[in-house]
Amino acid sequence: MHNRAAFLAWAATTGLMTAAQAACPFADPAALLQTRDTDATTDKFLEQYVIDDSSGYMTSDVGGPIEEQFSLKAGVRGSTLLEDFIFRQKIQHFDHERVPERAVHARGAGAHGTFTSYADWSNITAASFLNAAGKQTPVFVRFSTVAGSRGSADTVRDVHGFAIRFYTDEGNFDIVGNNIPVFFIQDAIRFPDLIHAVKPSPDSEIPQAATAHDSAWDFFSSQPSTLHTLFWAMAGYGIPRSYRHMDGHGVHTFRFVKDDGSSKFVKFHFKTLQGKASLVWEEAQVLSGKNADFHRQDLWDAIESGNPPSWELAVQIFDEDKALSFGFDVLDPTKIIPEELVPLTKLGVFTLNRNPTNYFAETEQVMFQPGHVVRGIDFSEDPLLQGRLFSYLDTQLNRHGGPNFEQLPINMPRVPIHNNNRDGAGQGFIHKNKYPYTPNTLNKGYPKQATQSEGRGFFTAKSRTISGNLVRALSSTFDDHWSQPRLFYNSLIPVEKQQLINAIRFETSLLKSTEVKKNVLAQLNMVSHEIAERVASFLGLEVPTADPTYYHNNVTMGISIFNNTLPTIKTLRVGILTSIKTQDALKQAKDLKKRLEKDGLVVSIIAESFADGVDVTYSAADATVFDGVIVVEGDGLFDSATVSSPLFPAGRPGQVLLDAYRWGKPVGGLGNKVEKAFKSVGVPTSRKGVYVEKNSEGVDSLVSKFKEGLATFRFVDRFPLDQ
Ligand code: HDD
C-alpha cells in the first residue's frame with residue numbers, strides 16, 4: 001500500500017490513468033488510514049478504491065489495453081483459440097463473479113452514514129466513539145430479511161436484520177441485531193436446526209422466504225423458546241412499512257466497561273426517528289409480486305431525495321448483580337427487559353445519508369461480526385452470543401475464501417493495522433517487517449503490545465469470573481417460555497391482536513400435518529387460552545383445556561405499532577387519481593401535488609395515459625405503493641350515469657381507491673360526484689380517515705386533514721375483528 005503513490009506517479013506518465021486519478025490526494029493510503037473521515041456525504045477512505053471509467057482505454061485485468069470484443073479465432077468462421085488470454089480472463093472473471101450468499105440474511109440493502117454522540121459517556125463506557133459531545137463516527141448499516149435467498153422479495157413476513165458497523169477511531173464495532181428485541185433459541189448449537197426448519201423444503205425448495213410450512217411450525221411448536229420471537233414476527237414487526245420505519249435491537253445483554261475496569265450490563269436499541277409503521281398482510285403479499293424491491297427502493301429513494309433516515313442509539317444499563325432480579329435471566333436472549341424496569345438512556349443518533357457506490361463491493365461484501373468490539377464494550381455469557389462469536393468469523397472465511405476479508409475496503413477499519421498476521425489468499429498489504437513475531441528484538445519489539453493504561457489496549461471487564469463443572473445444559477433460569485409472549489400479546493391493541501391471530505391462522509392453515517397443528521395449539525394454550533381457541537376454531541380442531549400456569553394480565557410499553565402517530569410524514573407517498581380527459585382535473589391535481597410536496601411528501605399523479613404532469617398510468621398504479629390516495633374529479637373521472645370509471649383499464653382507479661381504504665390508509669376526494677363515486681366502489685365517506693371536499697375551495701381543509709391522516713398512518717377501525 002505504501003508504494004501506491006509511486007505507482008500512481010508512474011501511471012500518470014503512461015496515459016492509462018486520468019490526471020485527476022493520478023493527482024488523487026489520497027495517493028498515500030497509509031496516511032489516509034491515520035485520517036478519520038467523518039463526513040459521510042463523501043467517504044475519502046472508500047474513494048481511493050473507486051474506479052472511475054469516465055475516461056481511459058479498456059484494459060485486461062493486468063493492465064494492457066485491449067481491442068475488439070471478439071474472441072481470437074482460426075479464421076473468421078473458425079474455432080476459438082485456447083491462446084486467447086483476453087477471452088479466457090474475461091470469461092473466467094465472470095464465472096467467479098458470485099461469492100456464496102449469506103446462509104441467512106441473504107436479502108438486504110445497506111447505506112452509509114454518521115453517528116453523533118450526544119455527550120461524553122466515559123462515566124458509563126470507555127468506548128472512544130462515545131467520549132465527547134458531538135463526536136462523529138462513520139457507520140455502515142445493512143438491513144435484511146432472514147429466510148429468503150438473495151433475490152427474494154422484500155415484503156415477506158420475517159424477522160428483519162439490523163446490522164450496524166461503527167468505524168471508530170479505536171477500530172470497528174459491530175452490533176449485529178434485528179428489528180425484534182428477542183430471538184428464537186437460547187443456545188447457539190440449535191441455530192442450524194432453526195434455520196433448516198425455516199428454510200424451504202430440501203426436496204422441492206418450496207416455499208421461498210416463508211415460514212408457512214410444516215417444518216417451521218414443527219420446530220416452533222417443539223421448541224417453545226421460539227414463541228416470543230414468533231409472536232413479534234406474526235404481529236406487525238414481521239412486515240414493516242420500510243427499513244426506515246423499524247427499530248433495531250442488539251438482542252443480547254452486553255457489558256459497558258469503564259476505564260477503571262468496572263462494568264455494567266447493557267442492552268442496545270436503535271429507535272427510529274421516522275416512527276414505527278407496518279404494512280398489513282394482504283398489502284405485503286401484493287407488494288411481493290408488484291415490487292419485490294420495495295424496501296430497498298424506499299431506502300435508496302429517501303437518501304437520494306435528501307431525506308436521510310435517523311435512529312437514536314438508546315441503551316438500558318443496569319448493575320450486573322441484577323441479572324436474576326427481574327423474574328427471568330438477563331442472559332436469556334428470548335427475554336426483553338421491560339422499559340418500566342430499566343428505562344432507556346439515549347446516547348446519540350445516526351443518520352444514513354449516502355447510498356453505496358457499488359452494491360457488491362459494499363453491501364454484499366460487508367462482513368459483520370458480533371465479535372467486532374472495541375475497548376469499552378464486552379460480551380456477556382449469553383450462550384447464543386457466545387456461539388455467534390464463532391459462527392460469524394467462520395462464515396466470513398467461507399464467503400471470502402480466506403482470512404483477508406477484513407482488508408476489503410468496506411471492512412477495513414479506519415485506523416492503522418499493525419500485527420503479525422501474514423499471507424493468505426488475496427493478501428493486500430505489503431508488510432515490510434521481516435520479523436513478524438512477538439516478542440522480538442530485531443524489529444525493536446514492534447508492533448508493540450498495548451496495555452490497558454498504555455496505548456488504550458482492549459480489556460475484559462474485571463467482573464468476569466467464571467467457574468463451574470463442565471455441563472451440556474441450559475440454566476433452569478431460562479425455562480419460562482410463555483410469560484413474555486403473553487406480555488407481548490397483552491400489550492397490543494385489539495386490532496393488532498387480531499392481526500397476530502390472523503397471521504397464525506394463515507400460516508397454520510397451510511400446514512399438512514394435524515399433529516403439528518395440535519402441537520401449535522398446545523403451545524398457544526400455554527400462552528393464552530383465548531388465542532388457542534381463536535386459532536383452533538379456524539383449524540377445525542379441538543381446543544386444549546386452559547392451562548393458567550403462565551397466564552397474567554401484565555402489559556408493557558413500546559410494543560404497539562398501530563397505536564401511534566408518526567413523528568414525520570416526510571417521504572410518505574401519495575397517489576392522486578385523476579383524468580387527462582379534462583384539463584380542469586389535471587390542473588387541480590397539479591395544484592394539489594404542489595401543496596402536498598411542500599411537506600416533503602412524494603406525490604404521483606395517476607391518469608389513464610401519460611400527459612404533461614402525469615407520473616403513473618392507471619395500468620401501472622397500485623395502492624400498495626401509496627400511503628394515501630386522493631381522487632381529483634374535475635368532470636371527467638367518473639361517469640355520471642354508472643359512477644364507475646369509463647377509463648382504461650376498466651375499474652382500475654376504483655380498485656386503487658378501494659384497496660387503499662381496505663388497507664386502512666387515508667383517502668381523500670375533491671369534486672362534486674366524488675362522494676357518490678366513493679360509495680359505488682364501497683368506500684363509506686363517513687368513516688375516519690376519509691376526507692371529501694365537494695369543490696375546490698375546500699382544498700386547504702382537505703390538505704390539512706389528509707396530512708393528519710398520513711400521520712395516523714392506518715385507520716385501524718377499518719380492519720374487521722372476530723365477532
Ligand atoms: Fe445471525 C447473519 C442477526 C443469531 C449465524 N445474523 C446475520 C445478520 C444479522 C444477524 C442481522 C446479517 C448481517 C449482515 O447484514 O450482513 N443473528 C442475528 C441476531 C441473532 C442471530 C440478532 C440473535 C440474537 N446468527 C445467530 C446465531 C448464529 C448466527 C445463533 C449461529 C450460531 N448470522 C449467522 C451467520 C450469518 C448471520 C450464518 C450469515 C451471514 C453472516 O453471518 O455474515 O453466521
Side-chain angles (χ1 to χ4, degrees), residues 99-112 139-150 154 158-165 172 174-199 223 225-226 228-230 232-233 237 240 243 246-254 267-270 295-296 299 330-336 352 356 359-372 379-380 382-400 405-406 408 410-411 474 478:
V99 296
E101 69 172 29
R102 291 167 175 84
V104 285
H105 296 264
R107 172 77 186 170
H112 297 270
V139 296
F140 186 79
V141 175
R142 183 174 178 273
F143 304 104
S144 50
T145 51
V146 180
S149 11
R150 194 179 147 191
D154 282 344
D158 205 346
V159 173
H160 286 61
F162 192 119
I164 177 165
R165 167 164 303 155
N172 288 353
D174 294 352
I175 298 179
V176 195
N178 282 335
N179 76 328
I180 290 176
V182 285
F183 200 66
F184 293 102
I185 47 168
Q186 297 161 312
D187 188 318
I189 201 166
R190 299 193 183 197
F191 189 70
D193 303 296
L194 165 71
I195 300 308
H196 290 169
V198 164
K199 284 271 187 178
Q223 173 75 52
S225 65
T226 59
H228 193 195
T229 306
L230 188 65
W232 285 74
Y237 290 86
Y243 295 139
M246 59 189 207
D247 288 344
H249 306 272
V251 181
H252 311 284
T253 298
F254 288 83
K267 288 249 181 195
F268 294 108
H269 306 279
F270 297 101
H295 286 162
R296 180 178 288 198
L299 179 65
V330 299
L331 299 182
D332 175 356
T334 69
K335 304 294 184 291
I336 57 162
L352 297 180
Y359 183 90
F360 183 85
E362 295 158 78
T363 312
E364 195 59 11
Q365 291 201 117
V366 63
M367 292 175 176
F368 293 99
Q369 289 186 41
H372 285 161
F379 309 115
S380 74
D382 173 342
L384 194 74
L385 173 61
Q386 293 282 321
R388 293 180 75 196
L389 297 177
F390 163 71
S391 182
Y392 289 70
L393 173 59
D394 190 39
T395 212
Q396 310 313 5
L397 289 169
N398 177 48
R399 295 193 70 220
H400 184 67
F405 58 86
E406 302 285 21
L408 294 170
I410 192 68
N411 292 326
L474 203 57
F478 283 41

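Both ligands and their constituent atoms are indexed starting at 1 by order of listing. In what follows, every heavy atom counts, from backbone to side chain, and hydrogens, waters and symmetry copies are set aside.
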Below 4.0 Å from any atom of ligand 1, is there a heavy atom belonging to R190? no

Do the non-hydrogen side-chain atoms of H249 and H269 ever get within less than 4.5 Å of each other? yes

Which protein heavy atom lies closest to atom 16 (O) of ligand 1, and at what distance to 0.1 Å? R102 NE, 2.7 Å

What protein heavy atom is closest to atom 14 (C) of ligand 1, reported as residue, atom name and distance in Å? R142 NH1, 3.2 Å

Between R165 and M367, is there a donor-acceptor pair closer than 3.5 Å when you use the side chain of the first and the backbone of the second? yes

When you check the space around atom 1 (Fe) of ligand 1, which protein N, O or S atoms turn up under 2.8 Å? Y392 OH

Students should be able to answer this: which protein heavy-atom is nearest to atom 41 (C) of ligand 1, and at what distance? T395 CG2, 3.4 Å

Identify the heavy atoms of I185 and S225 that sit nearest to each other, and give their distance. CA-OG, 3.7 Å

Any chance you could lay out the side-chain contact (heavy atoms from CB on, under 4.5 Å) test for I180 and M246, step after step, and finish with the verdict? CA-CA 9 Å; I180 290 176; M246 59 189 207; over 6 Å; no

Suppose I only count heavy atoms of F368 and a 4.0 Å limit; which atoms of ligand 1 are within that range? 13 (C), 14 (C), 15 (O), 16 (O)

Going by heavy atoms, is G177 under 4.0 Å from ligand 1? yes

Is the ring pair F254/F268 parallel, tilted or perpendicular, if the boundaries are 30 and 60 degrees? tilted

According to the interplanar angle, ranging from 0 to 90°, do the rings of F270 and F162 count as parallel (below 30°), tilted (30 to 60°) or perpendicular (above 60°)? parallel

In terms of side-chain heavy atoms, does Q369 have a donor or acceptor partner in D174 at a distance below 3.5 Å? no

Check whether any heavy atom of H252 sits under 4.0 Å from an atom of ligand 1. yes

Interfacing atoms of ligand 1 (cut-off 4.0 Å, heavy-atom, L384): 23 (C), 24 (C), 30 (C)

side-chain hydrogen bond (donor to acceptor under 3.5 Å, both in side chains), paired with D154, selected from R107, R296, H160, H295: R107

Can you tell which part of N178 has a heavy atom less than 4.0 Å from ligand 1: side chain, backbone, both or neither? both

What's the shortest distance from atom 43 (O) of ligand 1 to any protein heavy atom, and which residue and atom give it? Q396 NE2, 3.0 Å

To check you understand the geometry: which heavy-atom pair defines the closest contact between A111 and P356, and what is its length? CA-CD, 4.4 Å

Answer with side chain, backbone, both or neither: which part of R399 has a heavy atom less than 4.0 angstrom from an atom of ligand 1? neither

Please determine whether side chain to side chain donor-acceptor pair (under 3.5 Å) holds for the pair R388 and H252, giving the CA-CA distance in whole Å, both sets of side-chain angles, and the decisive distance to 0.1 Å. CA-CA 11 Å; R388 293 180 75 196; H252 311 284; 2.8 Å; yes

CZ on R102 to CZ on R150, rounded to 0.5 Å: 9.0 Å

